[in-house]
Amino acid sequence: MSRPPETRPVVTRFAPSPTGYLHIGGGRTALFNWLYARGRGGTFLLRIEDTDRERSTPEATAAILRGLTWLGLDWDGEVVSQFARKDRHAEVAHQMLARGTAYKCFSTQEEIAAFRAEAEARGTYALFQSPWRDADPATFPDAPYVIRMKAPRSGETVIHDTVQGRVVIQNSTLDDMICLRSDATPTYMLAVVVDDHDMGVTHVIRGDDHLNNAARQQMIYDAMGWEIPVWAHIPLIHGPDGKKLSKRHGATGVEEYQAMGYPAAGMRNYLTRLGWAHGDAEIFTSAEAMQMFDLSGIGRAPARLDFKKLENTCGHHIAMADNAALLHEIEGFLVAAKRPALSPAQKQLLAQALYCVKDRAKTFPELLEKAHFALISRPVVADEVSGKSLDTVSRGILKSLTPRLQNVRWTKDALEPILNDVAADYGIGFGKLAAPLRAALAGRSATPSVYDMMLVIGQNETIARLEDAAA
RNA sequence: GGCCCGUUCGUCUAUCGGUUAGGACAUCUGGUUUUCAACCAGGCAAGAGGGGUUCGACUCCCCUACGGGCUGCCA
């Protein structure tokens, strides 16, 4: 009855409701839609589901856009506001009325609440069945009404879900959902179908909390004679303890991850692998992910967030990142983390130091800590651990070292014999010499190679720091 | 309560009726080392439970347990 989806250009969409920040689970949903569309030369659309005026805020929309932008998920065309399309939704509701697939219901919310309370009192649960479903229009009162879907009361609705398989829902378990509220605004159930249809969405990839909704939505597609999209309901993300991810697990907002210093490429990689797999592929770029990503690789069970693996993945991406891009992203991190920005001089030094710190860090705070030596200016203040290696003896060693550093070519090859000689003179291993050098140069015990640090900060600065420490 | 979905090492997962059930992260041991990170070698570690179907089930079916979702004039 419908053309094979493969022959149509793919159109996916991410449709968050603007009631807060971009949730990490929403971010992954967006990512899957983005990967699927981008990997097939398709279109990825963004629609804000803001028909609930009570809860929707422009701030939330802005936060969601920021989150997506940071994650690097670019959408095609303008952001669609669902609320702006309310007249179209109402139009479709009335078309359903005209087709006889929907009806006007004059039951008040009080009546419905009373009906439910009564059922509950009897210890049962019953779907509300509107008395207006087959009422004679001649009996219609002059009162506000909602437009309800005239849902089939028997039979079954079958969802062919790419991820969940064939899901059968008995129509008797579904009620006549409201499509148009009494104030003529659409409900989610109607709006989502109308918009997806009008926007030409071919694949609906969303959280499996919508799986049941798909049955009701399919009824609307049928009622309007529209082609049903390919459904793909993906499992939600859980916290490390296997429970639904909530605030008590820590970070749930995408922007919080930016503030914690995870690179966007690493986040994308990690999130892609969370609930999706392609053989043994673990570390990959987004371009590679686009090539590999498919709906059949999505798992059916909820996945737990694992920060250790996130960090490991991010470490790989920091190491393989382009230096200029990395520097730019670090500056963005500083802003997000509300940390002081880099001065032009610091930026310059950090750029030069990147080669020796980027493969030692899993997050930006860690990278910055490793690059501490390049970001500070004299006098270097040693932290507690490294300070211990600056005792009287090692100060003497540093003092004897500085003169030998005066007239040398500032390369590792030239420096190496000098430091080795000093160590030999004092009958100590290089490790014993490196510790005070680290303290003097960086004030830290965990740093890049002492040679790299010397090379990055230069001859004058090196000698000055060593003299400071020896004094 | 009703309906729907799920359940492989601690975690993410591969397997799509026949494998010593593979990989990655984490962890442990040894090696390397200039601290950290990394790297090399190796170890530990899994099909929720119970019934079927089948020559043969992680894989198909049913039940139970556990987890999740939906059940709104929320999305």
Side-chain angles (χ1 to χ4, degrees), chain A residues 15-19 49-52 54-56 82 105 107-109 112-113 116 119-120 123-128 144-148 159 161 163-165 167-170 172-175 177-183 185-189 191-192 207-216 233 235-236 238 240 242-244 270 273-283 296-297 299-313 315 319 357-362 366 369-370 385-386 389 419 429-435 437-438 442 444-451:
Chain A
S17 54
T19 55
E49 310 241 312
D50 52 359
T51 54
D52 184 345
E54 300 285 299
R55 302 187 208 184
S56 302
Q82 188 160 64
C105 170
S107 295
T108 64
Q109 296 191 54
I112 298 169
R116 293 202 176 109
E120 196 173 334
T124 62
Y125 187 90
L127 295 174
F128 176 70
Y145 61 88
V146 299
I147 295 181
R148 282 185 188 272
I159 305 295
D161 192 281
V163 175
Q164 307 290 344
V167 179
V168 181
I169 312 279
Q170 296 304 315
S172 59
T173 67
L174 268 20
D175 63 1
M177 68 195 144
I178 292 174
C179 291
L180 206 66
R181 301 184 184 107
S182 50
D183 64 357
T185 59
T187 59
Y188 161 75
M189 220 57 84
V192 71
D208 70 8
D209 48 335
H210 287 288
L211 183 54
N212 285 283
N213 292 337
R216 323 170 81 106
H233 289 93
L236 272 20
H238 284 185
K243 300 288 186 186
K244 185 184 173 187
Y270 175 73
R273 271 291 283 108
L274 196 60
W276 172 87
H278 185 80
D280 290 339
E282 294 284 354
I283 301 298
S296 61
R300 292 123 308 183
R304 305 182 192 198
L305 227 35
D306 180 358
F307 283 84
K308 287 291 189 188
K309 186 153 185 176
L310 204 213
E311 285 185 6
N312 180 278
T313 302
V357 296
K358 65 196 256 188
D359 57 356
R360 317 171 105 84
K362 297 180 166 74
E366 194 182 345
E369 174 60 21
K370 291 284 171 61
V385 178
S386 73
S389 55
L419 295 198
F430 187 78
K432 284 281 187 223
L433 174 60
L437 278 171
R438 286 205 167 78
R444 294 284 185 275
S445 52
T447 75
S449 144
V450 293
Y451 296 111

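Note: hydrogens, waters and symmetry copies are ignored here, and every other heavy atom, side chains too, is used.
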Using a 3.5 Å distance criterion without hydrogens, assess whether the side chain of [X] forms a donor-acceptor pair with backbone atoms of [Y].
X: R273(A); Y: I283(A); result: no
X: T124(A); Y: A119(A); result: yes
X: S449(A); Y: Y451(A); result: yes
X: Y270(A); Y: N312(A); result: no
X: R181(A); Y: P186(A); result: yes
X: T187(A); Y: I178(A); result: yes
X: K370(A); Y: R360(A); result: yes
X: D161(A); Y: H233(A); result: yes

What is the distance from [atom1] of [X] to [atom2] of [N], rounded to the nearest Å?
X: L310(A); N: A24(B); atom1: CG; atom2: C1'; result: 14 Å
X: R304(A); N: C66(B); atom1: CZ; atom2: C1'; result: 12 Å
X: F430(A); N: U32(B); atom1: CZ; atom2: P; result: 18 Å
X: L305(A); N: U13(B); atom1: CG; atom2: P; result: 11 Å
X: E120(A); N: G2(B); atom1: CD; atom2: P; result: 15 Å
X: N312(A); N: U27(B); atom1: CG; atom2: P; result: 10 Å
X: K309(A); N: G23(B); atom1: NZ; atom2: P; result: 13 Å
X: E282(A); N: U11(B); atom1: CD; atom2: C1'; result: 12 Å

*E120(A) atom CD, over 12 foreign heavy atoms within 6.0 Å*: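 12 or below, so no.
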*Has K308(A) got a side-chain N or O lying under 4.0 Å from the OP1 or OP2 atom of G10(B)?*
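For G10(B), OP1/OP2 do not have a side-chain N/O of K308(A) under 4.0 Å.
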_Protein proximity profile, nucleotides 69-75 of chain B - base contact B, sugar-phosphate-only contact S, no contact -, cut-off 4.0 Å on heavy atoms_ = BSSBBBB
Determine the contact category for [X]: base if any of its heavy atoms lies under 4.0 Å from a base atom, sugar-phosphate if only primed atoms, P, OP1 or OP2 are that close, otherwise nothing.
X: R438(A); result: base
X: G275(A); result: sugar-phosphate
X: K370(A); result: base
X: P448(A); result: base
X: K432(A); result: nothing
X: V168(A); result: sugar-phosphate

*Check every atom of U34(B), G23(B), A37(B) against the side chain of Y451(A) and return the nucleotide holding the closest atom.*
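Minimum distance to the Y451(A) side chain belongs to U34(B).
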*Can you figure out which of A24(B), C5(B), A26(B) approaches the side chain of Q164(A) most closely?*
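Within the option list, the nearest is C5(B).
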Separation between the [atom1] atoms of [N] and [M], rounded to whole Å:
N: U13(B); M: C28(B); atom1: C1'; answer: 22 Å
N: G22(B); M: G30(B); atom1: C1'; answer: 25 Å
N: G23(B); M: U15(B); atom1: P; answer: 15 Å
N: G72(B); M: G67(B); atom1: C1'; answer: 25 Å

Need the pair for [N]. Rule: Watson-Crick or G-U wobble, both distances under 3.5 Å, any strand; none if unpaired.
N: G72(B); answer: none
N: U32(B); answer: none
N: G67(B); answer: C5(B)
N: U11(B); answer: A24(B)
N: G18(B); answer: C55(B)

*Whichever of T447(A) and R300(A) has its nearest RNA chain B nucleotide further upstream toward 5'*: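 Taking each residue's closest nucleotide, the earlier one in sequence belongs to R300(A).
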*Nearest nucleotide by nearest heavy atom, which residue falls closer to the 5' end of RNA chain B, V163(A) or A446(A)?*
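In this pair, the answer is V163(A).
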